[in-house]
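Just so it is clear, the model here is predicted, and its values are computed rather than measured. Worth knowing before you read on, the calculation uses all heavy atoms, side chains too, and leaves out hydrogens, waters and symmetry mates. Just so it is clear: chains get the letters A, B, ... in the order the sequence lines come, proteins before strands, and each one is counted from 1.
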Amino acid sequence: MSSLWPELEQFLGEVQKPARYIGCEDGMLIPDHRPDKAAWLLVYPDTYEVGLPNQGLQILYEILNERPDAVAERSYAPWTDLAAVLRREGLPLFSLDTHRAAGDFDVLAFNLSAELVYTNLLECLDLAGVPLHAADRGADDPLVLVGGHCAYNPEPIADFVDAAVLGDGEEVVSEINELVAAWKRAGRIDRPGLLADLAGIEGVYVPGLYEATWHDDGTLASVAPNHPAAPAEVPKRTVADLADWPYPRQQLVPLTEVVHDRLNVEVFRGCTRGCRFCQAGMITRPVRERPAEQVRTMVADGLRRTGYDEVALTSLSTADFSGIEEVVADTVSDDACGQVSVSLPSLRVDAFTVGIAGQIQRARRTGLTFAPEAGTWRMRQVINKLIREEDLYGAVESAFSNGWRRVKLYFLTGLPTETDEDTLGIVELAKNCVEIGRRHHKGASVTVSVGGFVPKPFTPFQWFGQNTEAELRRKVGLLRDAARKARGVQLKWHDPRASVVEGLLSRGDRRLGAVVEDVWRNGGVFQEWSEHFDLDLWLSALERAGLTLEDLVYRHRREDEALPWDHLSAGLHKDFLWQDWRDALAEVGLEDCRWTPCYDCGACTGYGIEHVVASAVPPAGGSQGTGQELATGGEVPVKLLVGAGGREAGS
Amino acid sequence: MNAPLNPRLRVRFAKHGKVRFTSHRDVARVWERALRRVAMPVAYSEGFSPRPRLSFGLALPTGCASVGEYLDIELDRVRAGEVELDDELCRRLDAALPAGIDVQGVAPIERGGPSLQEAVVACTWEIAVAGTGSEPSDLPDEQARAWVAGVLAAGELPLERERKGKRVTDDVRPLVHALDMLAEAEAEGGTSVPGVGGSVRLRAVLGTRPRALRPSELLEAGNLVAAGDAHPPLRARAVCRMHQWIEAEAEEPGTSPDDEFDRNQLIMQGDRWTGWQERGLTEPLPLPATAAVSAALVGTRA
């Protein structure tokens, strides 16, 4: 176990952006490798710029390194130029912290946040010198784990992983480590025994202990245990209280530019707004807020330690955080931190939100983003994103009247029951927003960003047949024609071809392992990067495997049909999801259960846990914030907070 | 009407080890964060997007090390008096910076003086070179010596490079102020390119006007005129910027009248590199002795 740096540094001059391979971040830990400590390599199988900010990976990095029986280092997917150099020079994938060979670690743990990185998982394993197939690994090979949102349906990569971990990692990572450290101390001999023991940990799924079978018509029959240690259903893990886990304590500060290059403090986990397209909202229930006092401490300490001048308060809908106004006010007025801007990803659509934004975006008042997701009220009832047009126009009015010049709106197309009228409603909304903006600024503009909807496991839309590529293209074409005639509306859209592959992988079964491997063998890496994405690789691989998009992606699934993730559980009852799917088709909305009675989705009851919400009343705002009178939205006073430091920054 | 000028500090620092693979822009961001962490009262620009008023010298090519990098900091006029110029400041800055970016000295400079980019006229580089083979020993001394002689004897050194999106050919021979092969003893005992053993080392003083000549460009242009069957093309194994040079009368650290700082507060000040005194050049912030430079590099290979 020694550093590969002396070899690597001779070649880093040949590759683009070599700074992403040096480590050296503030917050980096220098581990003390010892025979009695399990050595983990935490891998984010995308570029450093995308992977470094990932909070999940950083949390596990700290928790493991705090343990006396573990060390953890990090690695990210080398860009294609470095991968070529590594192969040419016979060098392996390496850690960034001490530039050790990946094969020297006991565990390679991959964070899978997006399906399109699956081929990069194979690329990393191959560069590490680890056999791609779990069945081919022996005593000398590390254990290959995956976690992250994609772990909720790991079937398409079941052949390649030793175990998948479902849900929050804070607690389960230590339970896994104890088994791995014991395995290492015993000489790493009994790999089957380790896998059987891992299957006994709640939240750990060992695909090799299950067998998938299909009916004659090609539909899945079941995925069932073929080993006594494997439970019939693997439930996800959930930490009951975020206050127990104030991580990362020392967020990594990279030396080179990355996405989200700022302090990130998670203010709550989970979301019960119940947007039916949103997998993250469904699988991370219930809502667990971090105490406001702890948020303040993490923000203040983090800013002082890192030197960042921006902090993001992260969650799935930060304006819903009970203490949001106070926390924001305290942060921007804390002189010790200097001139700090606060960003709130995932803004709710209402004037209250714009008020908070007015308080915090002191300097850079360039653009504000909202996500109405659908163009008509009917469509928004189907997806349970209950924003009235008045809410959106109120928010846009506030934004433009308070100095913003550009508003960005996110939408999905290809939603269940969507008609052309619904699709074109997107441009109608945008046109009205431009009109509101032009009352304040001649140059006001609205950018509309449209993504093709991909149904995900453990959502009410998991049965929905995804729109075909041709249909998504047609809808984008409708929007493009309409937007061309609309002054001040700029349209951007996500590549429908990528949506097709994302759909294939998100709800696919084990037969896709051969497809993923085929695409990788034909050079298909970095498929989430448009310059590398290649639909033809996927289509020809599907053909070779005898599979079709029609069966796997475009077809509506039946109520009685086995789903590839039926033996896994995100806590949600399947009959709740089915009922919610029926409600969606009936255009019936569902309230946010934080402030209304429980409708027993299963996320709390099955685990004996509850929402952790500091405020007993819903936040002020439009109908979306109230959980009341869903059809029309409730009467809620809207308070604007503008002027609190609004124009001071230029002085 | 002109606004009153802000007090300025000049920092000299080294960049070596793993962090030499960061870009010029990366280093600028690293400094911005470090200055916030030590609560330095940096002046900010006006407007909707205020930026700290920092200026760096000539960009160091990514991957090159340096023992002579500079940063000029404009201080907030009102709060500049809070700054204590002492060893503790250097220590706190070092603690806020990544390993491999080492503060060598801090001194006040004239308010409103020329920027480093305008002032620097030449840089001294050390270049550890190799031939086409993979081993350092593939390049015998005499071949490197012949290469140097070939470059110096050339009347012209045409170099094709990109300028404003167009390919242009410049004669860069006038920018090669000095070029020699370092003697064995000099390379081992004195200043040297960090981290590369067994290589032949070149020392080059390259001009910056009208457009700076980079070490990689020197090798490229030199290989065209000086390489052949007898003299194989050279490639750089490692590069280190040793000095940046400015005209002595243009700027003299610590000598300008300034009500915030006086000359006695200067932390580090030393002799100019003797070879350049007669040409009227000095370093933007000279160090006491070259020994201190190499000491800073000992044991720092990450």
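- Other residues, nucleotides and ligands place more than 12 heavy atoms under 6.0 Å from the NE2 atom of His440(A).
- Interface residue Val30(B): only side-chain heavy atoms are found under 4.5 Å from chain A.
- In this structure, the ring-ring contact (aromatic ring centres under 6.0 Å, His included) partners of Tyr48(A), at least two apart in sequence or on a different chain, are Tyr76(A).
- Among all heavy-atom pairs drawn from Cys24(A) and Pro98(B), the shortest one is O-CB, 4.2 Å.
- For Thr22(B), the parts lying under 4.5 angstrom from a heavy atom of chain A are both the backbone and the side chain.
- By the 6.0 Å and 45° rule, Arg36(B) does not stack over the aromatic ring of Tyr308(A).
- Atom CD of residue Glu257(A) and atom CZ of residue Arg29(B) lie 4.0 Å apart, to the nearest 0.5 angstrom.
- Listed by chain and residue number, Arg74(A) satisfy the salt bridge (Lys or Arg N to Asp or Glu O under 4.0 Å) test with Asp97(A) (two or more places apart in sequence, or in another chain).
- Atom-to-atom distance recorded for Leu255(A):CG and Asp26(B):CG is 7.5 Å, nearest 0.5 angstrom.
- The nearest pair of heavy atoms linking Arg33(B) to Thr306(A) is CD-O, 3.6 Å.
- For Glu7(A), the salt bridge (Lys or Arg N to Asp or Glu O under 4.0 Å) test picks out no residue, with sequence neighbours left out.
- Closest non-hydrogen pair, Asp26(A) versus Arg37(B), comes out as OD2-NH1, 3.0 Å.
- For Arg211(B), the CZ atom sits in a packed shell: over 12 heavy atoms of surrounding residues, nucleotides or ligands are nearer than 6.0 Å.
- Between Glu9(A) and Lys18(B) there is no salt bridge, since none of the side-chain N atoms of the basic residue sits less than 4.0 Å from a carboxylate O of the acidic one.
- Interface with chain B: from residues 11-22 of chain A, residues Leu12(A), Gly13(A), Pro18(A), Ala19(A), Ile22(A) qualify, criterion being any non-hydrogen pair under 4.5 Å.
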